[in-house]
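Below is one structure; the comments refer to it alone.
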Amino acid sequence: MGEAPEGYSGAGFFATSFEKVIGLARANSLWPLPFATSCCGIEFMATMGSTYDISRFGSERPSFSPRQADILLVMGTIAKKMGPVVKQVYEQMAEPKWVVAVGACATSGGIFDTYSVLQGIDRVVPVDVYVPGCPPRPEQILDGLMRVQDLAKNESLRRRHSPEYQALLASYNIK
Amino acid sequence: MDSVDLIYKAIYILVIFGITLLIATYSTYFERKIAAFIQDRVGPNRAGPMGLLQPLADAGKLFFKEEFIPGKANKVLFILGPGIAMLVASMSSAVIPFGDMLIVGGREVYLQAIEVNIGVLYIFGVVSLGVYGLMIGGWASNNKFSLLGAIRAASQNISYELAMGLSLIAVLMLSGSLSLRVIAEQQAGFNWNIWYQPLGFLIFLVCAFAETNRTPFDLPESEAELIGGYHTEYSSMKLGMYLFAEYINIFVVSAVMSTLYFGAYNFPFMENLRNAFSDPVLGNNVVTLVGVAVMFAKIFAFIFFFMWVRWTLPRFRYDQLMKLGWNILIPLAILNILLTGGGILLKDYLF
Amino acid sequence: MTDSLFFFLASLTLLCALMVVISKNPVYSVIFLILTFFTISAHYILLNAQFLAAVNIIVYAGAIMVLFLFVLMFINSGKNAQGKTKGVLSKVAGAIAGGLLFLVLIAALKDVQLEAVNPDTYDSQVGMVKNLGQVLFTKYMLPFQLVAVLFLVAMVGAVMIGKREAGEQNF
Amino acid sequence: MTFSERMYLPAIAQGLGITLKHFFKKKATINYPEETRQRSDIWRGLHVLKRDENGAERCTACGLCAVACPAEAITMTAGERKTGEEHLYREEKYAVTYEVNMLRCIFCGLCEEACPKAAIFLQDDKIAPARYERDEFIYGKDRLVEPLKTTETK
Amino acid sequence: MELTNENVLGKLIAQFGEENIFDAYDPDGIMTFTTTRENIIALIQYLYDDKDLQVQFLTTMAGVHFPDHKDKELCMMYQLHSLRHNYRLRIKVFIPSKDPVLPTLTNIYAAANWMEREAYDFYGFIFTGHPNLTRILNIEEMEYHPMLKQYPLEDLTREDKIDTFFGR
Amino acid sequence: MATDKKTAEVDQLQEFRDNLDLKLQDPKNQNLTTLNLGPTHPATHGIFQNILQMDGEIIMDAVPTIGYIHRAFEKIAERRPFYQITPLTDRMNYCSSPINNMGYHMTVEKLLGIDIPKRAQYIRVIMMELARISDHLICNSILGVDSGAFTGFLYVMQEREHIYDIYEEVCGARLTTNMGRIGGMERDLSPKALHLIGEFLKRFPKVWAEFEKMLTRNRIFIDRTVGVGAISAERALSYGFTGPNLRATGVDYDVRVMNPYSSYDDFEFEIPVGAKGDTYDRYLVRNEEVWQSLKIIEQAYKNLPEGSYHADAPHYYLPPKQEVYRSMEALIYHFKIVMGEINAPKGEVYHSVEGGNGELGFYLISDGGRTPYRLHFRRPCFIYYQAYTEMIKGGQLADAILTLSSLNVIAGELDA
């Protein structure tokens with residue numbers, strides 16, 4: 001038995017192009033769950049506003065129900081009191097799901113290096129994209145969204161069942 | 001009914017079903033575009049040219065999203081809910097006459113899936129069942145927000161069905177028939193019911209908004225209060241079916257309104273157009289086809305209106321909604337019946 | 001064709017009706033009851049009484065059962081009721097009562113003779129809206145109006161009772 | 001409420017009129033990323049460590065920026081300039097490493113204000129991009145220092 | 001009566017006595033004086049009821065911690081405002097940190113409820129008679145009162161900084 | 001002072017609420033549903049939680065929980081030099097950060113005894129009033145969003161972008177402005193900024209009038225808001241309400257008039273008051289305040305005096321960069337200020353400004369060190385949210401949501 005030519009091994013050609021199509025569909029229909037706690041949430045409003053218009057990316061339907069959301073946009077300070085809530089919301093989301101940490105507070109705690117603030121949400125949930133800034137400009141939030149789109153486009157349909165992914169979730173004690 | 005007719009009916013039903021689905025799918029696109037345009041934005045424009053593939057992207061995503069049934073939910077009913085919503089919604093377009101009669105190869109072909117002599121009642125009955133989808137789904141989710149949404153949906157639909165039925169009766173008094181085809185035929189040319197029933201139409205319009213759960217009557221799913229209402233716990237395609245059912249309902253209600261009040265496929269000067277052709281068959285077919293186009297134009301106008309209103313008005317509160325339904329619309333509808341009856345008697349007396 | 005359809009529908013009706021009684025969860029009962037109404041409506045259509053069929057669905061399935069479901073959802077008694085088991089006495093009493101009813105029904109139906117329809121004089125339009133209306137407003141005018149008044153009275157009474165229950169503000 | 005307001009319809013019609021007017025209005029949207037919005041010249045964007053006219057780094061590792069930073073996002077180590085490195089560093093002391101943690105940074109501009117040598121600037125034409133990994137946000141000197149201007153172009 | 005600092009102070013001293021109204025001074029135009037915890041509620045009630053003063057608005061309450069003051073470690077500052085006369089005044093009560101008990105103000109001002117809970121959360125003041133004295137901002141499981149000077153500000157799990165430069 | 005306007009409706013509502021407790025004890029009403037509103041409910045803009053006891057759609061009781069974004073501002077302020085607290089204040093009420101900035105600066109200036117030149121004061125007034133507009137327009141348009149009318153929100157958000165443009169031209173940031181310094185402004189108004197303000201003054205009234213047209217006289221909106229979440233003036237004062245929410249109850253207390261700061265006494269403006277203290281009144285008061293703010297900006301813009309944009313206080317205000325490069329003295333001051341080695345005098349100060357939401361107070365104790373010994377913020381949102389429970393009792397779920405948005409509770413300020 002000879003070796004399969006490159007690109008034809010593993011998942012078949014149709015499977016991969018099918019994955020691509022689904023990836024494209026997902027990328028263009030990312031419904032955000034705006035977990036807006038503070039300042040960055042206000043900038044997210046600006047992102048939803050007419051001038052920046054997040055709907056161009058197909059993401060203008062904010063799903064406040066975690067079941068229906070595709071990306072968790074954590075915007076603003078997450079206090080230690082809030083940490084478990086973030087985790088719970090993440091657990092309630094249906095796969096595939098991505099997490100974007102927007103702004104200094106959500107990514108690292110920012111200037112709030114205090115006893116009550118969680119120093120970055122990646123301590124409770126796995127984060128896919130970090131957006132710096134305090135608060136980031138709407139451009140930067142859109143930038144983060146496009147990074148997620150890139151992820152979605154290139155993600156294998158089977159990634160969510162892979163042992164690596166399970167291990168990642170396990171390391172956060174999720175499910 | 002011979003076999004050719006059966007085949008034709010089957011094809012026609014398929015076509016209507018396809019068109020319904022297509023329109024429902026693209027309604028989401030138009031909703032987003034219209035919302036965007038009203039709000040000085042451009043709306044989806046990155047999925048395909050002008051964002052035209054946006055509904056497909058949504059559908060594709062929803063299909064491949066994780067099926068999720070909450071642990072405490074009632075599994076059977078949880079799945080049944082969106083199914084009922086979808087089934088009921090797509091059943092109702094069966095009796096709507098989308099066009100008059102085509103003459104193909106000497107055979108008269110009516111552009112209507114099923115002619116029932118109680119078409120109006122059929123639609124009314126089917127629409128009244130639509131609420132089960134929401135109720136069962138909301139209840140089965142075992143979530144308080146969903147339950148509240150379900151309860152709101154139930155009481156709202158029942159209340160507004162009454163006013164809707166009463167406003168319909170006035171139309172039926174005018175037409176003397178329950179068949180949608182007959183009602184459509186009576187409005188030939190520019191003899192539309194809206195000229196005789198402006199008040200009835202207004203009531204029907206308001207009730208149509210309420211029955212389809214659109215702003216300002218979108219209490220069952222009002223985002224700011226109930227998060228998603230009855231579909232809070234739904235993900236993936238089950239959610240898709242709910243959203244789909246909503247848009248199909250809009251389409252059907254628009255079609256019904258066009259049929260009942262705006263002359264269905266009739267348009268002014270259709271007789272002149274018919275007579276302009278020397279060949280009566282050709283004339284008839286051209287008029288019918290133009291009629292179909294006119295019908296869809298009316299439907300689209302209504303769909304646009306639905307969206308336009310949605311992005312303009314605030315929503316009611318639960319008790320205000322009930323008050324509007326019971327204290328204002330129903331008395332008005334009864335008044336309308338009396339006025340119509342009086343008018344008919346007066347007309348008989350005078351002429 | 002019509003016969004087999006009838007038997008199919010009849011058995012379906014009976015099955016659904018049985019399920020209404022058997023189901024433990026009241027919400028299931030209501031749903032089966034709705035299904036029963038549907039099959040009964042189908043019977044009406046078989047009998048060429050389309051108006052009745054439509055009204056049956058609109059009024060019973062579309063409105064009354066919605067209210068039933070509504071109430072059930074509110075009290076959400078499904079879970080509480082499941083735990084309770086009824087005493088032996090009530091079971092026996094139920095069985096006896098049911099059996100007696102069955103007996104009475106059989107006794108009543110035993111001697112009934114169906115009048116054959118004369119195909120020559122049978123009017124297939126008898127169940128249609130127009131005829132129905134005509135009959136109601138001519139032959140059965142008085143009973144019809146009486147029933148209407150009765151309904152009105154019942155409705156007013158229901159509203160009064162409902163109001164007195166709920167709000168101290170109005171009365 | 002006046003009678004016409006009680007009737008719902010006039011106000012609704014007025015509202016519908018306004019929204020319809022906007023339907024045909026010119027759209028305010030800026031198609032980011034194809035177009036970018038004009039930012040002001042003093043916009044506080046991504047940091048840059050400036051060089052002087054001769055291409056030498058201005059920073060002398062005095063540490064004022066680190067002190068001034070409310071988020072404690074700047075760290076550096078100072079080093080002595082050796083002979084032969086005058087074209088690289090303007091003063092005798094220079095920053096051997098200079099790191100800004102872009103996740104911590106709140107872009108308040110206090111470092112720029114604190115710098116006595118006009119070395120660190122928040123530039124208006126660049127914004128910190130979103131990235132996938134946390135480590136990528138520690139901006140070292142390789143990414144902070146202004147690239148050397150070649151003689152012919154800017 | 002014109003409300004000047006002297007007038008009001010005189011009035012209060014006449015009512016409550018020299019030993020209960022002391023350390024009066026005027027750091028920023030707002031009259032500040034100290035009283036004891038036994039008198040604080042009666043004093044505020046008096047200010048509220050008095051026809052001339054009508055000090056009927058509680059602007060804010062703030063705890064302060066002075067670890068160096070022996071037996072007067074904790075201070076509670078009440079700032080009141082007479083909206084009708086636009087006159088502000090500030091009352092302080094010093095209590096030892098071993099016995100951080102104060103009477104509650106919730107019976108006079110509804111606003112005091114959360115302010116007192118905040119003071120409890122931050123400093124550990126115990127307000128007797130408070131309807132629901134629990135932590136308000138921090139998690140219930142927290143074991144210390146974070147605003148006391150001896151506790152660190154920082155989240156001690158932070159890894160990404162080197163302290164040498166910050167001079168703190 | 002207080003106008004003592006009362007209406008029978010408010011009294012009735014209050015009575016109804018008082019009776020609620022009796023109803024709760026009634027064994028018939030024990031069958032209540034618990035509904036958890038928040039902390040991630042879409043209508044809690046920002047994060048707080050309410051556990052509601054519902055009888056059908058009527059709210060019988062509510063238990064609020066806050067602290068979900070407690071960030072320990074007061075503790076941080078004890079560990080940072082005075083000038084580094086400016087960025088902190090930005091993040092408190094992020095809808096109107098310049099007011100927070102300026103309020104803090106004025107407090108410190110009061111402590112240090114610095115007098116600010118007229119021009120700087122006027123610039124501050126312009127910025128503060130712009131911030132007030134941006135705060136009120138978010139609040140009122142969010143009220144529309146929560147009642148289902150999304151579009152008006154996006155119309156006024158476009159205008160807020162223009163306010164942000166002005167901020168950007170003045171300080172280089174959009175939201176967390178870090179605008180102004182102790183002793184004045186960071187920089188003078190550039191010609192472009194002046195131009196933008198002029199443009200804004202011309203364009204904004206039309207937009208705002210249109211927004212009002214969409215909602216104010218729409219019966220659905222009126223029905224949704226009139227009589228909803230009402231609070232009487234007495235209760236409001238007892239809760240310590242200030243700002244628009246107090247004025248909606250009919251008390252015309254405004255710090256800008258009662259204790260004028262930053263030459264507010266130079267400008268002519270009115271204080272709008274409501275009567276019933278319900279959601280609709282709060283909406284109207286905010287609407288009118290936007291017009292008044294526009295009037296103030298216009299006056300300040302027309303009469304902008306010449307002069308310096310900062311005080312002559314070399315110990316506290318950073319010398320200009322050019323000086324630092326040249327003069328040794330400036331360099332030393334520069335180092336001292338940045339290192340935080342300039343000690344403030346001992347003392348304690350309270351200063352309050354009329355924030356977007358009400359009296360925003362700063363109580364500062366300095367022990368003569370480089371950092372404040374204690375900095376306490378009087379945060380109006382903290383006070384409003386306390387009354388929220390009382391205001392929603394007896395109303396419906398939908399009312400609770402509108403009441404929340406009309407109170408304009410901002411989580412950053414609430415939790416500090």
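When reading the values below, keep in mind they use all heavy atoms of this one structure, side chains included, and skip hydrogens, waters and symmetry mates. Throughout, a chain's letter reflects where its sequence line sits, starting with A, and its residues are numbered from 1.
Side chains of Y318(B) and S155(B): a donor-acceptor N/O pair is present below 3.5 angstrom, by distance only.
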Evaluation steps, side chain to side chain donor-acceptor pair (under 3.5 Å), between S55(A) and R32(B): CA-CA 8 Å; S55(A) 76; R32(B) 293 163 99 157; over 6 Å; no

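For the options L53(B), L56(B), V42(B), heavy-atom pairs under 4.5 Å to chain A are most numerous at V42(B). Comparing S65(A), S50(A), G49(A), A69(A) by how many heavy-atom pairs each has under 4.5 Å with chain B, the most go to S50(A). Chosen from A36(B), S235(B), P44(B), G60(B), the residue pairing most often with chain A at heavy-atom distances under 4.5 Å is P44(B). With chain B as the partner, the residue from D53(A), D70(A), V21(A) showing the most heavy-atom pairs under 4.5 Å is D53(A).
By the 30° and 60° cut-offs, the orientation of the rings of Y242(B) relative to Y230(B) is perpendicular.
Taking the centre and axis of the six-membered ring of Y172(A), the NZ or CZ atom of K87(A) falls outside the cone set by 45° and 6.0 Å.
Taking the six-membered ring for Trp and the full ring otherwise, the centers of F300(B) and F30(B) sit at least 6.0 Å from each other. Side-chain rings of F78(B) and Y234(B) approach one another, their centers coming within less than 6.0 Å.
Every residue two or more places apart in sequence or in another chain that forms a side chain to side chain contact (heavy atoms under 4.5 Å, CB included) with Q92(A) is listed here: P66(A), R67(A), Q88(A). F296(B) is linked by a ring-ring contact (aromatic ring centres under 6.0 Å, His included) to F98(B), counting only residues two or more places apart in sequence or in another chain.
In this structure, chain B has no heavy atom under 4.5 Å from any part of T51(A). Using a 4.5 Å cut-off between heavy atoms, E233(B) touches chain A through backbone and side chain atoms alike.
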In a table with atom names and distances, give each donor-acceptor pair under 3.5 Å that connects a side chain of residues 25-35 of chain A to protein atoms at least two apart or in another chain.
from: R26(A); atom 1: NH2; to: F64(B); atom 2: O; distance (Å): 2.9
from: N28(A); atom 1: ND2; to: L24(A); atom 2: O; distance (Å): 3.1
from: S29(A); atom 1: OG; to: D58(B); atom 2: OD1; distance (Å): 2.3

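Listed in order of number, the residues of residues 130-138 of chain A that approach chain B to under 4.5 Å between heavy atoms amount to none.
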